[in-house]
Protein chains: 2
Amino acid sequence: MLKLSKKTEYALMAVKFMARNAADGSVTAKEISEGYNIPYDLLSKVLQQLTHKKLVNSFQGIKGGYTLNHDPENVTLFDIISAVEPNYQITDCFQEGSTEKDCTYINCCMIRDPLAKVQKEIDKLFKAVTIQQILWP
Amino acid sequence: MLKLSKKTEYALMAVKFMARNAADGSVTAKEISEGYNIPYDLLSKVLQQLTHKKLVNSFQGIKGGYTLNHDPENVTLFDIISAVEPNYQITDCFQEGSTEKDCTYINCCMIRDPLAKVQKEIDKLFKAVTIQQILWP
DNA sequence: TTTAATAAGACTTATTTAGTCCTATATCAA
DNA sequence: TTGATATAGGACTAAATAAGTCTTATTAAA
Ligand code: SF4
Ligand code: SF4
């Protein structure tokens, strides 16, 4: 159905919040959650995923929080999506080492390679969009 | 998660089958289903949806079946997807007349317009890919 | 040592997708 | 005219995924 998950949207919103409040140093998950009305627990997971991909810095402890790790013009929509969506591809069979478990048609499929090309185009598109462009259009 | 549904894949496979067997006149859902191992009932629905969008011709009755209504180079991936996926867009809020029921953030959202632009790029991409290119790469 | 933050896994619920079943209708041919 | 076989389409069930919640552990400043 080609829909982005809420996690991607929350990630973008969180990045926006962090950039806006960069002056005040780090920003907590609670502040973002309350500022934009995002479920706290889910947002926390999103921030953790962004941390793993080094898109944000996290600081633990009572004065902890998050900061952006890159300038918005150096982070793309592709970075955000692939940090947050486990496998964001248009079919189930593009992963490294996909087998019949992923799709029963995998060994006889006549649309796989062509769709892989479409996937590459989509990747290219997402890599061409920076979050700078998205969040300050 | 950005995945195409099985219905889209089945639609593409069905189109391929029809083109391949065009010489024999119309082709039945059963033949496609058995030829490519696609669940019959689901495939039938897909074919009905393609019929509604005039992408295929359907013939009822005992000698009935389906034929392609256009040359493969004149049908795009966009046509197939939008025939078969109810609303294939990357967010819930791009429909005509979307309200708070679709997304609670709709009136305060800072990422909606930018994502709409991304959607347009995706549309453009899908419209640029013909099923000729996909099925006979 | 208390407090407030992140980290992370387990769990539950809601939504969507995939698949099935059943009945109606159309058409051909014996 | 009737039986066989095709599409049409609605209702339903099951499976998979996404979204949200709960709980416990860890971290670090005051
Ligand atoms: S049907 Fe083909 S393209 Fe789709 S998931 Fe299976 S192998 Fe991949
Ligand atoms: S968060 Fe914004 S972009 Fe996403 S569905 Fe809601 S209104 Fe649309």
Side-chain angles (χ1 to χ4, degrees), chain A residues 1-11 13-14 18 24-34 37-53 56-67 81 84-92 101-105, chain B residues 1-11 13-14 18 24-34 37-53 55-67 69 81 84-92 101-105:
Chain A
M1 211 234 218
L2 270 174
K3 203 150 49 186
L4 292 173
S5 70
K6 282 290 173 197
K7 293 206 313 186
T8 297
E9 300 196 339
Y10 295 158
M13 292 160 89
M18 283 184 268
D24 315 344
S26 77
V27 143
T28 68
K30 197 179 170 212
E31 288 168 332
I32 303 173
S33 161
E34 290 176 351
N37 245 289
I38 302 172
Y40 173 82
D41 292 284
L42 189 49
L43 175 64
S44 294
K45 294 226 155 32
V46 168
L47 288 164
Q48 284 165 30
Q49 290 180 288
L50 295 177
T51 303
H52 288 149
K53 298 287 173 137
V56 306
N57 309 112
S58 91
F59 304 97
Q60 290 192 317
I62 195 165
K63 277 280 185 180
Y66 300 91
T67 60
I81 291 176
V84 142
E85 314 252 358
N87 46 1
Y88 87 97
Q89 307 194 293
I90 59 173
T91 77
D92 286 325
K101 274 187 188 161
D102 299 296
C103 179
T104 52
Y105 303 104
Chain B
M1 214 234 214
L2 269 174
K3 203 151 50 187
L4 292 174
S5 70
K6 282 289 174 198
K7 293 205 314 188
T8 297
E9 299 195 339
Y10 294 158
M13 291 160 90
M18 283 183 268
D24 314 343
S26 77
V27 144
T28 67
K30 197 178 168 213
E31 288 168 332
I32 304 173
S33 159
E34 290 176 350
N37 246 289
I38 302 171
Y40 173 81
D41 293 283
L42 188 49
L43 174 65
S44 295
K45 293 222 158 34
V46 168
L47 288 164
Q48 284 165 31
Q49 290 180 289
L50 295 177
T51 303
H52 288 149
K53 298 284 174 144
L55 296 173
V56 306
N57 308 114
S58 92
F59 304 97
Q60 290 191 320
I62 194 165
K63 278 277 184 180
Y66 301 91
T67 60
N69 194 26
I81 291 176
V84 142
E85 314 252 357
N87 47 1
Y88 87 95
Q89 307 193 292
I90 58 173
T91 76
D92 288 323
K101 275 186 188 160
D102 299 296
C103 179
T104 51
Y105 302 105

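By convention in this document, chain letters (A, B, ...) are assigned in the order of the sequence lines, proteins followed by strands, and residues within each chain are numbered from 1. Bear in mind the structure is a predicted one, so any value in this text is a computation, not a measurement.
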**Report entry** I38(A) and Y105(B), any side-chain heavy atoms less than 4.5 Å apart
**Finding:** yes
Report task. Scan nucleotides 22-30 of chain D nucleotide by nucleotide, 5' to 3', and note B when protein non-hydrogen atoms come under 4.0 Å of the base, S if they reach only the sugar-phosphate, - if neither. Result -> B----BBB-
Report summary line: Per-nt protein contacts along nucleotides 11-17 of chain C (heavy atom under 4.0 Å; B base, S backbone sugar-phosphate only, - none) come out as ------S
Query - Spacing between N87(A) atom CG and dA16(D) atom C1', to the nearest angstrom - result: 13 Å
**Report entry** Between OG1 on residue T51(A) and CZ on residue F59(A), distance to nearest 0.5 Å
**Finding:** 10.0 Å
Query raised in the report: OP1, OP2 of dG20(D) versus side-chain N and O of Y10(A): anything below 4.0 Å?
Result: yes
Donor-acceptor pairs under 3.5 Å, side chain of residues 41-48 of chain A to any protein atom, not counting sequence neighbours: which ones?
unit_1: S44(A); atom_1: OG; unit_2: Y40(A); atom_2: O; d: 3.0

Query raised in the report: Below 4.0 angstrom from OP1 or OP2 of dT7(D), is there any side-chain N or O of T51(B)?
Result: no
Query raised in the report: H52(A) side chain N/O closer than 4.0 Å to the phosphate oxygens (OP1, OP2) of dA8(C)?
Result: yes
Report summary line: Between its two end axes (five pairs each) the helix from dT1(C)-dA30(D) to dA30(C)-dT1(D) turns, nearest 10 degrees, through 10°
Query raised in the report: Of all residues at least two apart in sequence or in a different chain, which pass the side chain to side chain donor-acceptor pair (under 3.5 Å) check with N57(A)?
Result: T67(A), N69(A)
Query raised in the report: Any side-chain N or O of Y40(B) less than 4.0 Å from the OP1 or OP2 oxygen of dG19(C)?
Result: no
Query raised in the report: Phosphate oxygens OP1/OP2 of dA8(D): is one of them under 4.0 Å from a side-chain N or O of S44(B)?
Result: no
Requested in this report: Nearest whole angstrom, please: distance from the P of dA8(D) to the CG of L50(B).
Outcome: 11 Å
Requested in this report: Supply the atom-to-atom distance T91(A) OG1 to D102(A) CG, rounded to the nearest 0.5 angstrom.
Outcome: 9.0 Å
Query raised in the report: Would you call M18(A) and I32(A) a side-chain contact if the rule is heavy atoms closer than 4.5 Å?
Result: yes
Requested in this report: To the nearest Å, give me how far apart CD (Q49(A)) and P (dA18(D)) are.
Outcome: 12 Å
Query raised in the report: Atom CD1 of I62(A) and atom OG1 of T28(A): how far apart are they, to the nearest 0.5 Å?
Result: 12.0 Å
Report summary line: Residues passing the side chain to side chain donor-acceptor pair (under 3.5 Å) test with T8(B), sequence neighbours excluded, are E85(B)
Requested in this report: Respond yes when some side-chain nitrogen or oxygen of Y66(A) is under 4.0 Å from OP1 or OP2 of dA7(C), and no when none is.
Outcome: yes
**Report entry** Of I90(A), L2(A), D92(A), the residue whose pairing with K3(B) passes side chain to side chain contact (heavy atoms under 4.5 Å, CB included)
**Finding:** D92(A)
Query raised in the report: Looking only at heavy atoms, what is the nearest atom pair of S26(A) and E31(A), with distance?
Result: O-OE1, 4.4 Å
